[in-house]
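For the numbers below, each heavy atom of this structure counts, side chains included, while hydrogens, waters and symmetry mates do not. Note on naming: letters A, B, ... go to the chains in the order of the sequence lines (proteins, then strands), and numbering restarts at 1 for each one.
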Amino acid sequence: MTDFLQGLNPPQKAAVEATEGPIMVIAGAGSGKTRVLTMRIAYLMANKGVDPFNILSLTFTNKAAREMKERIGKIVGPSEAKNIWMGTFHSVFARILRVEGHLLGYPSNFTIYDAEDSKKAINNVIKELNLDKEIYKTGNVARRISAFKNGLITPREYFNSPDLQEQDAAARMPQLGDVFNAYNEKNFRAGAMDFDDILLQTYTLLRNFPEVLAKYQDRFRYIMVDEYQDTNHAQYLIVKALANRFQNICVVGDDAQSIYAFRGANIQNILNFQRDYDNVQVYKLEQNYRSTKNIVGAANSLIAKNKNQLPKNVFTENDGGDQIVVHKTVSDSDEGAWVARTIFERQMNEHFDYSDFAILYRTNAQSRAMEDNLRRKNIPYRIYGGLSFYQRKEVKDLLAYCRLAINPKDEEALRRTINYPKRGIGDTTVERLTVKANQENRAIWEILENIDFFPDLDINRGAINKLKDYVTKINSYRILAENSDAFEVVNHISKTSGLMRTLGEDKTPEGVSRVENIEELLNSVKEFVEGQAEIEEGNPKLEGFMQDVALLTDQDKDDPNDRNKVSLMTIHLAKGLEFPVVFIVGMEENLFPSMMTVNSRADLEEERRLFYVALTRAEKQAYLSFAQMRYRWGKLVDCEPSRFLEEIDDKYLNQSTPEFSPFLSPEELQGFRQKRPNTAAQRNPMAGGDRRSARPQRNSPRSPVRPPAGMKKLSDQDSVSGNFEIHTDLDAGQRVKHPRFGMGEIKSMEGSGANKKAIIHFENVGEKKLLLKFAKLEKI
DNA sequence: CTAGTCCGTGTGCAT
DNA sequence: CACGGACTAG
């Protein structure tokens, strides 16, 4: 029964067959990691007779879990595969909390707040505590609270930590602890958990209730964690606790692809795994099956710039492939046009499908220029992420009613719906209810239900009646939800809440699309109900549908209409995916690497890993592009090429951009010459070292892209301008220093004027031909 | 209490 | 630019 293991290479096979004890699999990009995980689970079941109920497999997305189950099902049978505990940390532990959460005082129907709900709740707390919102900025406070929770710091620990309190006092937020505490209490009263609570409360549950811990330790005899490099402290401890009894824990990951530090992931978890567990067996998957030699080589040369990493040697036996194309454009829309044109041409001239292409970017805002141009060329595309379907206002509005039908104490859902569609319940009324709820230490809903018992509320009779109508309506939804299937309920709500009517009045294209979104939601509820009917103990009730709707993402919806489309997504979302042709756009300073990361080595290394992830998505061809100008914050700003372009070894690159001519017109040359004296600040005294302070000011064409020999004309649009030094006084024999290549000696000179090049022998990297216009040389 | 309008501020990735 | 919040007039 092991024939399914054929086709695995030796380390892959070894990792599959090592079933007992702590195991770490370091899996380079494209090294068949998912395959190993899948086979390992199948092997456990088919060869070791392990019961699927005893296997816990934590994946990074629900989609990955689904696909793995499908593949395992093909080997061991689908009904068996269904019983594996497999999913994201959040979905698996939310499921456990539904069962066990009562021990912590949570109802089984607790609501999961998404990021938007959390922010609004925090905002409300800041208002209720009368704090200055200019100082207590919602985003900052939310980030801080999230970091506490991911580090398992509760308000109690916070108030016991002078350090943390001092940090916040220094940030002029001495009451941050109060906000933190009030936010937690508010959510608890509302029967709500935010994303971070799912992990924090799971941890608390396992810590405080040894019998519960024992139960799950006994259940999860074999544990697998994918993307271990992206686990945070809470996840780390939960896994450790669960694995403690049997110690059959297998973590899979790649430290080079750790890109979620910003949400609390701790790369040390993977770096320290061998210290954390006894007798760890380590397997390294280093052969890349995905990409060409060029792409693998380029990615390796890039990631070598990072200091903090586990040693490994990713290689491939695939073809060399084409060089990575580096392309400069005038503007962001130009960049979009170029990408669209390139996709169109390659799709026409070669055998590519549209689904073979992906456009990856650092920020969601960049998708727009791409979309516009793809649409213009009638190229079908699909955008992932951004404002996901479930985050759209109209969808959330309808879901808010559904949430109340399940858990009417859900405060954010109540605030969303209490006066939308308009029913004459204004801010003042809600404000008074809030104050009363806080006084009584109750959810707003509980005040509403008993409104006659609070005559001191000072709400006029008209408003009271409207509130009562609202309560009646929600209660009727709740009763319906108990007795009918999800589709009936949601359909009824959409019609009777007034939502559909309100949306229908808007005849603009946006309004029409909102109605369509509601219809799409209804469709997916219908699908859910039908799907549940096929499952043995399926639950077609609204409760079942709402269970983890907050944890769903766009990726989890598989739309057959989305076949053969170009994929657009952020690099973060592209993790784990692969495409024959990948465009990485916006390769510019302050964009990629992001402006907020350039001041710390750790952040910059994470950006570099992010670029590494982006590059290694490509199977056959990667394109890198950057624009000279780009709209940001509604303004046109000048851009300069990303430092990352320089960090890839030249030999893997093809700087083909015709507009990107190094040659200057006489006028431009004159301009440069006149600015010559301004050099001291320009030249980098820390050559080769830490780049952060060495980053030239805007317009300084510290071009990473040395022009290939034989480049000819100067394009009119090429508006290189700036102030940097051209050494006109160099000659053979001169000792020079280059910021990247280090010390060297000029062997000979070539060309003249702006075209003047020096052939330099560098001590460390050998001979290079550098164009003086671009090379930042320092005479020694 | 609603609806209409102006202002200002930010946008970094996301379960 | 584009959204949310604040302000103002009915």
Side-chain angles (χ1 to χ4, degrees), chain A residues 58-65 87-94 112-120 123 127 133-134 137-140 142-143 146 149-150 193-200 227 230-232 234-235 258-265 332 360-369 384-388 390-391 393 419-431 459-460 462-463 466 510 548-556 569-575 586 590-598 603 606-607 609-611 613-614 630-637:
Chain A
L58 297 165
T59 57
F60 199 69
T61 63
N62 287 310
K63 190 182 176 201
T88 60
F89 272 91
H90 287 85
S91 65
V92 168
F93 294 122
I112 298 172
Y113 278 173
D114 68 12
E116 187 194 356
D117 299 322
S118 304
K119 276 195 175 173
K120 285 188 170 174
N123 225 354
K127 268 186 215 154
K133 66 181 170 60
E134 297 302 316
K137 300 216 170 168
T138 318
N140 293 341
R143 239 191 312 277
S146 173
K149 290 188 177 184
N150 286 326
M193 296 196 197
D194 63 22
F195 283 139
D196 304 316
D197 280 326
I198 293 175
L199 303 177
L200 172 64
E227 307 284 6
D230 282 324
T231 51
N232 65 30
Q235 292 166 324
S258 162
I259 56 174
Y260 278 102
F262 72 89
R263 66 173 206 218
D332 49 353
L360 308 183
Y361 34 78
R362 179 64 178 78
T363 69
N364 279 307
Q366 290 166 259
S367 71
R368 194 168 177 163
Y384 293 78
L387 240 204
S388 96
Y390 297 99
Q391 293 168 346
K393 183 181 180 307
N419 196 32
Y420 184 80
K422 302 257 181 266
R423 53 172 65 87
I425 301 172
D427 295 344
T428 333
T429 303
V430 176
E431 170 69 28
I459 295 175
N460 67 45
K466 289 169 187 160
E510 292 81 17
D548 49 18
V549 77
L551 301 174
L552 291 180
T553 64
D554 272 9
Q555 327 261 320
D556 295 321
M569 65 185 88
T570 63
I571 301 167
H572 282 90
L573 280 181
K575 186 162 90 152
N590 294 331
L591 185 59
F592 195 18
S594 154
M595 193 175 0
M596 8 268 267
T597 64
V598 296
D603 286 350
E606 175 145 321
E607 291 285 291
R609 291 193 293 270
L610 190 58
F611 185 32
V613 167
R630 169 181 302 278
Y631 272 100
R632 297 185 77 180
W633 310 284
K635 283 199 194 83
L636 198 58
V637 297

Rounded to whole Å, the CD1-P distance (A/Ile259 to B/dT15) equals 11 Å
In whole angstroms, the gap separating C1' of B/dT15 from NE2 of A/His90 amounts to 5 Å
From CD of A/Gln391 across to C1' of B/dC13 the rounded distance in Å is 13 Å
With the side chain defined as heavy atoms from C-beta on, A/Thr570 is closest, among C/dC1, B/dC13, B/dT15, to B/dC13
In whole angstroms, the gap separating C1' of B/dT15 from CG of A/Asp117 amounts to 14 Å
A/Lys575 meets the salt bridge (charged side-chain N to carboxylate O under 4.0 Å, His left out) criterion, sequence neighbours left out, with A/Glu227, A/Asp230
Are there over 12 heavy-atom neighbours, none belonging to A/Tyr420, within less than 6.0 Å of that residue's OH?
yes
Between the protein and nucleotides 7-10 of chain C, which nitrogen or oxygen pairs are less than 3.5 angstrom apart?
none

note: A/Met193, atom CE; B/dT15, atom P; distance rounded to Å ~ 19 Å
To the nearest angstrom, the CG-P distance between A/Asn460 and B/dT2 comes to 11 Å
Look at all strands and tell whether A/Asn419 reaches a base, only sugar-phosphate, or nothing, counting heavy atoms closer than 4.0 Å.
sugar-phosphate
task = Tell me what A/Ile198 touches on the nucleic acid: a base, only sugar-phosphate, or nothing, going by heavy atoms under 4.0 Å.
result = nothing
Check the angle between the aromatic planes of A/Phe60 and A/Tyr260 and answer parallel, tilted or perpendicular using the 30° and 60° thresholds. tilted
Can you tabulate the close N/O pairs, meaning under 3.5 Å, that link protein atoms to atoms of nucleotides 6-12 of chain B?
| from | atom 1 | to | atom 2 | distance (Å) |
| --- | --- | --- | --- | --- |
| B/dG10 | OP1 | A/Lys137 | NZ | 3.0 |
| B/dG12 | N2 | A/Arg362 | NH2 | 3.2 |

Can any side-chain N or O of A/Asn123 pair as donor or acceptor with the backbone N or O of A/Thr138 at less than 3.5 Å? no
Hey, mind stepping through A/Glu606 and A/Arg609 against salt bridge (charged side-chain N to carboxylate O under 4.0 Å, His left out) and telling me if it holds?
CA-CA 5 Å; A/Glu606 175 145 321; A/Arg609 291 193 293 270; 3.3 Å; yes
Return yes if some donor-acceptor pair links the side-chain N/O of A/Asp194 with the main-chain N/O of A/Asp114 below 3.5 Å, else return no.
no
Between A/Asn232 (side chain) and A/Gln235 (backbone), is there a donor-acceptor pair under 3.5 Å?
yes
- Heavy atoms from other residues, nucleotides or ligands near CZ of A/Arg368 exceed 12 (cutoff 6.0 Å): no
Per nearest nucleotide of DNA chain B, the residue lying toward the 5' end, A/Gly424 or A/Arg263, is A/Gly424
Result for 5'-nearest mapping on DNA chain B, choosing between A/Ile459 and A/Ala115, is A/Ile459
Contact class for A/Lys635 (heavy atom, under 4.0 Å): base, sugar-phosphate, or nothing? nothing
query: Is the side chain of A/Asn590 donor-acceptor paired with the backbone N or O of A/Ser594 at a distance under 3.5 Å, no angle test?
result: no
Review point. Which part of the nucleic acid, if any, lies within reach of A/Lys133 when heavy atoms closer than 4.0 Å are counted: base, sugar-phosphate only, or nothing?
Key: sugar-phosphate
Separation of B/dA14 atom C1' from A/Gln235 atom CD, nearest Å, is 12 Å
Heavy atoms of A/His90 and A/Ile198 approach each other most closely as O-CG2, 3.6 Å
Taken to the nearest whole Å, CG/A/Asn62 to C1'/B/dA14 is 14 Å
